[in-house]
Amino acid sequence: MGLVQLLKSQFLSQLIICYVFLVSGLIVNLLQLCTLPLWLVSKQLARRINIRLGYCISSQMVAALEWWSGTECTLYTDPKSYPLYGNENAIVVLNHSFEIDFLCGWTFCERFGVLGSSKVLAKKELSYVPVIGWMWYFLEIVFCKRKWEEDRRTVAQSLQNLRDYPENYWFLLYCEGTRLTPKKHQISMQVAESKGLPKLKYHLLPRTKGFWVTVQNLRGAAAAVYDSTLNFRNNEMPTLLGILNGKKYHADLYVRRIPLELIPEDEAECAAWLHKLYQEKDSFQEHYTQTGRFPGPIVSPPRRPWALINWLFWCCLLLYLLGLLLTQLISSGSMLTILASLAFCSTVSLGVRWMIGQTEIDRGSSYGNKEESVNI
C-alpha cells in the first residue's frame, strides 16, 4: 500500500470528507430554502438556481468516486447515439444490483452535463434524509410510496410538472423497484413462473406500471429511453465505504438509445415490451459474465474538472473555518467547549455512516421480500 492510499484509508481523512459533505450540504439546503419566495416570482429562475445548488452537493459524491477513489468508468454504446447524450431529455432504465449503482449513474450524468438537473423515482422515505433528500425536494424529484393506487396519481402529476423544465435532464428509473438480493430474486422468479414469464438470471422482474406511467407522462418531453446495464470488473461488489477508503473500482456501462416513439402506448403492450427489454438485459449480463465486456464499441466521455473544483472549494472554505475554530478552542482551554466539539465530530461521523447505511444491500428495504408485494 502506497503512502497516498494509506492516507486515504485513515479515519481522519474520511472524517474530513464527511464533515465537508454534511456541512456544505446543510448550507446548500439552507440556500435552497431561501429560494422558496423566488418560485412565486419566477419558477424557471428558481429551478435554474436549484439545479446549480443541487450540483454543489451531488458533484461532491461524484468527485469522491472519480478523483478520490480513482474509479474508472467505461461506456459501451453506439457512436451514432453518443452525440445525443446530454442534449435531450431521456428516461434512463438502470439495473439495481450494486450499492453504488446510483453513484455510477450520477457519474455519467456529470460527464454529459446533466447531473444538476437529472431526476429519479425514489421512495418517499428518502425525502426525509438530510442533505440528499432535502436537496431532492427542491429539485422536484419524483417520490413514491410504493402503493400503486396513491402513486398512480401523485407520480403522474410530478412527471407532468417536468414537462416545462428549463434544462435537459435524465430521469433515472430502477424498474426492478428494489435492489437485487438472492432472496428477492428467488421470490421474483416464483412470480415469473406463476405468470408464465421467462425467468431472469441477473435481474428481478420489472415493475411495469411505474415504467408505463413514466413513459406516458413524458411523451413529447423526453426523446428516448436509455437502456443501461451496469457491471464491475473482476466480479467486484463495490461499496460506498470502499469509495471513502480510496479503493479503486472499474465500472462498465452498456447503453442503448431507444426512441420513445418505438415504445407502445397501450399499457399491456408496454408491459410486454418492458419484459422483453429485461430479457435482453439479462443476455447482456450473461455476455459480460462470459467475456468480461459488453457488446459493441467503447465510446467513453472524459472526466470533467467541475466536480473536483466544486469539492476543493468546499474543502478549502470549510477546513479554513474549522481551523479557526480549533485555534480558538486550543487558546481558550475551555473543557466544555472542547467536549462539545468532540461531540460535534462524533455526530458528523455517525450521521454520514447512517446515510451510507441507506445504500448497503444487507440493510436495504424489505420491498420485494414477499411474494404478494412483488405481484403488483
Side-chain angles (χ1 to χ4, degrees), residues 58 60-66 68-77 92-111 115 118 120-123 126 129 132 170 172-189 200-207 226-256 277-278 280-294 300 352-353 355-369:
S58 53
Q60 289 188 53
M61 300 184 69
V62 171
L65 179 77
E66 292 189 331
W68 180 258
S69 80
T71 292
E72 299 288 341
C73 298
T74 299
L75 177 65
Y76 294 78
T77 193
V92 182
V93 175
L94 292 158
N95 57 316
H96 206 6
S97 305
F98 305 97
E99 290 183 8
I100 65 165
D101 46 24
F102 76 97
L103 189 50
C104 291
W106 282 10
T107 296
F108 283 98
C109 287
E110 157 60 19
R111 294 193 181 191
L115 176 60
S118 287
V120 67
L121 179 63
K123 56 186 178 182
L126 290 177
V129 177
I132 295 293
W170 290 356
L172 279 58
L173 188 62
Y174 295 105
C175 293
E176 293 164 277
T178 186
R179 188 175 282 118
L180 177 70
T181 66
K183 181 180 180 180
K184 292 175 182 178
H185 183 261
Q186 180 184 8
I187 294 173
S188 184
M189 293 308 98
L200 303 174
K201 185 176 181 180
Y202 302 98
H203 300 84
L204 305 176
L205 284 180
R207 313 284 171 140
Y226 297 166
D227 172 37
S228 308
T229 306
L230 176 71
N231 221 323
F232 287 87
R233 296 185 185 179
N234 304 317
N235 294 317
E236 289 188 303
M237 296 295 291
T239 65
L240 203 50
L241 280 176
I243 297 298
L244 284 179
N245 283 322
K247 185 175 181 180
K248 182 177 181 177
Y249 302 102
H250 197 130
D252 288 321
L253 184 70
Y254 178 55
V255 179
R256 295 186 299 165
L277 182 77
Y278 267 76
E280 294 172 352
K281 290 172 75 70
D282 228 42
S283 68
F284 298 147
Q285 284 284 33
E286 182 67 26
H287 184 277
Y288 189 93
T289 300
Q290 295 177 356
T291 66
R293 58 164 290 142
F294 286 115
S300 292
V352 173
R353 184 63 187 85
M355 286 193 288
I356 291 174
Q358 307 309 302
T359 72
E360 294 176 349
I361 290 177
D362 58 357
R363 295 181 60 186
S365 74
S366 60
Y367 188 62
N369 279 332

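Heavy-atom basis, side chains included; hydrogens, waters and symmetry copies ignored. Numbering starts at 1 and runs along the sequence shown.
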Any residue meeting side chain to side chain donor-acceptor pair (under 3.5 Å) with K201, in chain and number order, not counting sequence neighbours
E286
Might you point out which heavy atoms bring M189 and H203 nearest each other, and give the distance in Å?
CE-O, 3.8 Å
Can you name the side chain to side chain donor-acceptor pair (under 3.5 Å) partners of N245, sequence neighbours left out?
Q14
With sequence neighbours excluded, tell me which residues meet salt bridge (charged side-chain N to carboxylate O under 4.0 Å, His left out) with D282.
none
Side-chain touch L172/C109, heavy atoms, less than 4.5 angstrom:
yes
For L230 against F294, the heavy-atom pair lying closest together
C-CZ, 4.4 Å
Sequence neighbours excluded, the answer for ring pair (Phe, Tyr, Trp, His ring centres under 6.0 Å) partners of W106 is F102
Please check if the side chain of S283 supplies one atom and the backbone of E280 the other of a donor-acceptor pair under 3.5 Å.
yes
Going from CG on L277 to CG on D227, what distance comes out if it is rounded to the nearest 0.5 angstrom?
4.0 Å
Under the 6.0 Å and 45° cation-pi test, does K281 pair with F284?
no
Under the side chain to side chain donor-acceptor pair (under 3.5 Å) test, which residues partner T74, sequence neighbours left out?
H250
If you measure from CD on E110 to CG on L103, what distance do you get to the nearest 0.5 Å?
11.5 Å
From T229 atom OG1 to Y254 atom OH, the distance as rounded to the nearest 0.5 Å
8.0 Å
Student check: side-chain heavy atoms of F108 and S228 closer than 4.5 Å:
no
Hits for ring pair (Phe, Tyr, Trp, His ring centres under 6.0 Å) against Y202, two or more places apart or cross-chain, chain-then-number order -> none
Can you give me the closest heavy-atom contact between Y174 and N95, atom names plus distance?
CE2-O, 3.6 Å
All heavy atoms of E176 vs all of L204, minimum pair found to be OE2-N, 2.8 Å
First locate atom CG of L65, then atom CD of Q60, and finally report the distance between them rounded to the nearest 0.5 Å.
14.0 Å
I'd like to check the side chain to side chain donor-acceptor pair (under 3.5 Å) partners of Y288; sequence neighbours left out, ordered by chain and number.
D252
Rounded to the nearest 0.5 Å, how far does CG of L240 lie from CE of M61?
5.0 Å
Would you say the side chain of N231 lies within less than 4.5 Å of the side chain of F98, judging by non-hydrogen atoms?
yes
Between C73 and S300, which heavy-atom pair has the shortest distance, and what is it?
O-OG, 4.2 Å
Salt-bridged, E72 to R233, with N to O below 4.0 Å?
no
Rounded to the nearest 0.5 Å, what's the gap from NZ on K248 to CD1 on I243? Could you check?
11.5 Å
When every non-hydrogen atom of L115 is compared with those of V62, the smallest separation belongs to CD2-CG2, 3.9 Å
Across all chains, not counting sequence neighbours, the salt bridge (charged side-chain N to carboxylate O under 4.0 Å, His left out) partners of R111 are E66
Using the test salt bridge (charged side-chain N to carboxylate O under 4.0 Å, His left out), find all partners of R293 that sit at least two apart in sequence or belong to another chain.
none
Among residues at least two apart in sequence or on other chains, which ones pass side chain to side chain contact (heavy atoms under 4.5 Å, CB included) with A63?
W67, A307, W311
Check side chain to side chain contact (heavy atoms under 4.5 Å, CB included) between T77 and all other residues, then give those that pass, not counting sequence neighbours.
L75, Y82, Y85, V255, V299
Evaluate the side-chain contact (heavy atoms from CB on, under 4.5 Å) criterion for residues D101 and F232: first the C-alpha distance (whole Å), next the side-chain angles of each, then the deciding distance (0.1 Å), finally the verdict.
CA-CA 10 Å; D101 46 24; F232 287 87; 5.9 Å; no
